[in-house]
Amino acid sequence: MKIVISGASGLIGTALAAHLTTEGHDVVRLVRRAANEGELRWDPSKGELSAEALAGTDAVINLSGAGIGDRRWTPAYKQELVDSRVRTTTLLAERIAECSQRPAVLLNGSAIGFYGATDDRILDETSPAGP
């Protein structure tokens with residue numbers, strides 16, 4: 001499968017990209033700097049990403065967002081945490097909608113600790129926040 005990953009340089013993205021590559025998948029990492037082999041440049045703050053760059057991929061995985069452990073959560077940084085996730089998700093969804101050959105899946109991950117430790121309970125969007 002051809003899989004595009006944003007946030008591939010983060011903690012989860014690095015491990016996921018390595019695992020998928022080891023399993024034989026073609027992984028393309030979205031990056032904000034000049035792209036190297038196996039990478040595609042984008043800039044969510046400017047809305048820069050070609051729809052056709054996503055065409056023909058099997059899945060897009062969005063793990064992008066400002067780091068949650070990088071600094072103190074001031075009101076301004078809390079807004080950056082939200083904005084960085086909303087901008088990336090919005091841009092990816094818009095470009096996927098514009099694709100001539102849409103990816104079958106958009107997997108969006110953020111705030112994985114929201115529900116807390118729940119053992120083996122199944123959770124969904126209606127589940128309460130964890131402690």
Side-chain angles (χ1 to χ4, degrees):
M1 292 178 66
K2 182 175 181 182
I3 303 169
V4 174
I5 303 177
S6 70
S9 63
L11 178 69
I12 295 170
T14 299
L16 179 61
H19 174 75
L20 291 171
T21 300
T22 300
E23 292 294 314
H25 298 287
D26 179 14
V27 175
V28 177
R29 295 162 177 84
L30 293 179
V31 298
R32 292 182 174 102
R33 56 172 167 67
N36 294 315
E37 185 177 338
E39 298 177 336
L40 178 64
R41 189 182 182 304
W42 76 323
D43 188 339
S45 65
K46 295 180 181 175
E48 293 176 358
L49 177 63
S50 164
E52 289 311 303
L54 300 177
T57 62
D58 297 293
V60 175
I61 301 173
N62 181 23
L63 302 173
S64 289
I68 62 168
D70 296 1
R71 59 185 79 153
R72 189 165 184 260
W73 285 24
T74 63
Y77 196 63
K78 286 179 186 179
Q79 189 61 53
E80 176 58 27
L81 290 169
V82 171
D83 291 347
S84 67
R85 286 155 175 78
V86 171
R87 278 192 310 263
T88 58
T89 303
T90 300
L91 180 58
L92 287 168
E94 288 173 352
R95 294 306 179 263
I96 288 170
E98 297 168 1
C99 280
S100 59
Q101 283 183 277
R102 292 183 185 156
V105 173
L106 168 61
L107 176 65
N108 203 66
S110 180
I112 60 171
F114 180 78
Y115 299 108
T118 59
D119 299 316
D120 61 353
R121 278 191 8 233
I122 295 175
L123 305 171
D124 64 22
E125 291 80 7
T126 63
S127 301

Considering only Ile, Leu, Val, Met, Phe, Trp and Tyr, and joining two whenever side-chain heavy atoms are under 4.5 Å apart, list the other residues clustered with L81. I68, W73, Y77
For C99 versus A51, what's the shortest heavy-atom pair and its separation? SG-O, 3.0 Å
Do H25 side-chain atoms and K2 backbone N/O form a donor-acceptor pair below 3.5 Å? no
Should L16 and L11 be counted in the same cluster of Ile, Leu, Val, Met, Phe, Trp and Tyr side chains packed under 4.5 Å apart? no
Taken to the nearest 0.5 Å, the spacing of S6 OG from L63 CG works out to 6.0 Å
Taking only residues two or more places apart in sequence or in another chain, which ones pass side-chain contact (heavy atoms from CB on, under 4.5 Å) with A35? V31, E39, R41
Salt bridge (Lys or Arg N to Asp or Glu O under 4.0 Å) partners of R32, counting only residues at least two apart: none
What residues, two or more places apart in sequence or in another chain, satisfy salt bridge (Lys or Arg N to Asp or Glu O under 4.0 Å) together with R72? none
For A66, is there any backbone N or O sitting under 3.5 Å from a side-chain donor or acceptor partner on S84? yes
Hydrophobic side-chain clustering at under 4.5 Å (ILVMFWY, transitive links): who's grouped with V4? Put none if nobody. V28, L30, L40, W42, L49, L54, V60, L91, L92, I96, L106
Under the side chain to side chain donor-acceptor pair (under 3.5 Å) rule, collect the residues that match up with T88, sequence neighbours excluded. N62
Among residues at least two apart in sequence or on other chains, which ones pass side chain to side chain donor-acceptor pair (under 3.5 Å) with D83? Q79
Here the side chain to side chain donor-acceptor pair (under 3.5 Å) pairs for residues 49-58, sequence neighbours left out, are E52-S100
Got a sec, which residues hit salt bridge (Lys or Arg N to Asp or Glu O under 4.0 Å) with R95, two or more places apart in sequence or on another chain? E98
According to side-chain contact (heavy atoms from CB on, under 4.5 Å), who are the partners of T21, at least two apart in sequence or on a separate chain? V27, R29
Quick one: pull up CD1 in I3 and CG in D26 and give me the separation to the nearest 0.5 Å. 8.5 Å
Could I get the full list of side chain to side chain donor-acceptor pair (under 3.5 Å) partners for S9, not counting sequence neighbours? none
By salt bridge (Lys or Arg N to Asp or Glu O under 4.0 Å), R87 pairs with (sequence neighbours left out) E80
